[in-house]
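First listed ligand is number 1; within each ligand, the first listed atom is number 1. Not measured: the values here are computed from a predicted model. All heavy atoms count here, side chains included; hydrogens, waters and symmetry mates do not.
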Amino acid sequence: MKRVAVFCLLIAAATLSITAAAYQNPPAAPRVIEIQKLKDNLYVLTSSSPADRTTFSGGNVAVYIGDAGVTLVDTKLAGWGQAVLDKIKTVTNKPVTTIINTHTHGDHTGNNDLFGANVTIVAHENTKTNMEKMDAFKGDKAKFLPSKTYKDKLSLGSGKDRIDLYYFGAGHTSGDTLIVFPALRTLHMGDLFAWKDAPLCDRNNGGSCVALPQTLAKAIAAIKDVDIVIPGHSPMMTPKDLQEYQRFTADLSAQAQAAMKAGRSVDEAAAAFKVDKYPGYKTERVKAAIQAVYDELKK
Ligand SMILES: [Zn+2]
């Protein structure tokens, strides 16, 4: 009995270290990043599936080419920086002058250090606090933490180059920024809307699957005049997709809370959650999201 327990512990430790290594060590496979043109001066370095760690480059990066220089939304996973730079050079010779980090995770902040110390790095104040806990931003690397933060709303640039940053509350983390390019009618959601599946709510970084539907509802009410929605990790979406995702997350959170009250297990709640109403939705992350609701509401 004891030996079995030790063996299980060893397996668990090995699995953990493999997972950690997959996050930290860049893969040896060729680093291919695709670029998608959304507008004459707005491109996306698209995301590959996080499920395959050898080809996963990090989240969708927006490349906005303004008069003064290039603004990047997120910087993908460490080790993919050169591929990011090479792709940017295929569409502009202008230097990167601003980086906006949508949130703290390494697949969105992994190459902040590649663009020089003169780049302005912007994020929500809670994201800066979360990033300060990361090894990637300790010691000498602290200079690649956000140098500019905000609380509720911030505008960068002016005229046609204006970029609006919004914060509506906890969700994927405690510091998710939504970025609007008003002249281009485009919204970058970061991982507050990453995919058509249940949300990942990172409770260690202040994320909340309970608050997330309300945070999304506030965003939808406040942000109008948008045609294109850039999600965190999947192909381009529309405002209709975002509204549907809000309903999906509200439904999931409500059902999880009802199941918890009724004394049902997480497994039972996950099995009972049906996505038929939501065409194209996956259920791979449903159980983890329900677990996050249970953990959050457990007294
Ligand atoms: Zn994330």
Side-chain angles (χ1 to χ4, degrees), residues 19-20 22-24 26 33 44-53 55-62 72-81 84 99-112 121-137 144-146 165-179 187-213 215-216 219 229-235 237 242 245-246 248-249 252 282 284-286 288-289 291-293 295-296:
T19 311
Y23 274 98
Q24 282 155 16
I33 296 177
V44 175
L45 306 177
T46 54
S47 179
S48 43
S49 169
D52 184 348
R53 288 281 149 188
T55 55
F56 179 54
S57 64
N60 281 327
V61 167
L72 292 186
V73 177
D74 288 340
T75 60
K76 289 192 180 278
L77 203 58
W80 288 79
V84 168
I99 291 170
I100 302 166
N101 289 135
T102 58
H103 65 289
T104 189
H105 291 150
D107 54 332
H108 299 261
T109 59
N111 298 291
N112 277 15
I121 301 178
V122 190
H124 186 261
E125 57 185 22
N126 295 345
T127 284
K128 185 179 182 180
T129 304
N130 290 334
M131 287 168 77
E132 283 167 346
K133 295 182 290 188
M134 294 168 72
D135 286 343
F137 294 100
F144 302 111
L145 284 165
L165 287 70
Y166 295 89
Y167 178 73
F168 295 106
H172 177 63
T173 68
S174 61
D176 302 302
T177 289
L178 306 189
I179 297 104
L187 160 66
H188 194 310
M189 288 296 297
D191 284 355
L192 201 52
F193 179 21
W195 42 57
K196 290 190 173 182
D197 195 340
L200 190 164
C201 304
D202 177 3
R203 300 190 64 243
N204 290 328
N205 282 302
S208 166
C209 273
V210 177
L212 188 140
T215 302
L216 286 174
V229 176
I230 305 173
H233 288 279
S234 39
M237 304 275 183
L242 175 57
Y245 183 66
Q246 193 281 329
F248 174 89
T249 59
L252 181 63
K282 293 184 177 174
E284 287 166 15
R285 297 172 185 272
V286 163
Q291 183 71 58
V293 170
D295 291 345
E296 189 174 340

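Using a 4.5 Å heavy-atom threshold, the side chains of Phe137 and Lys128 count as separate.
Side-chain contact of Thr173 with Asp176: a donor-acceptor pair under 3.5 Å is present, judged by distance alone. Between the side chains of Thr75 and Asn112, at least one donor N or O sits under 3.5 Å from an acceptor N or O.
With 2.8 Å as the limit, His172 counts as an N, O or S neighbour of the Zn ion (ligand 1).
The minimum heavy-atom distance between His188 and Asn60, with the atom names listed, is NE2-O, 2.9 Å.
When you scan the N, O or S atoms of Asp191 for the one nearest the Zn ion (ligand 1), you land on OD2. Among the heteroatoms counted here (N, O or S) of His105, ND1 is the one nearest to the Zn ion (ligand 1).
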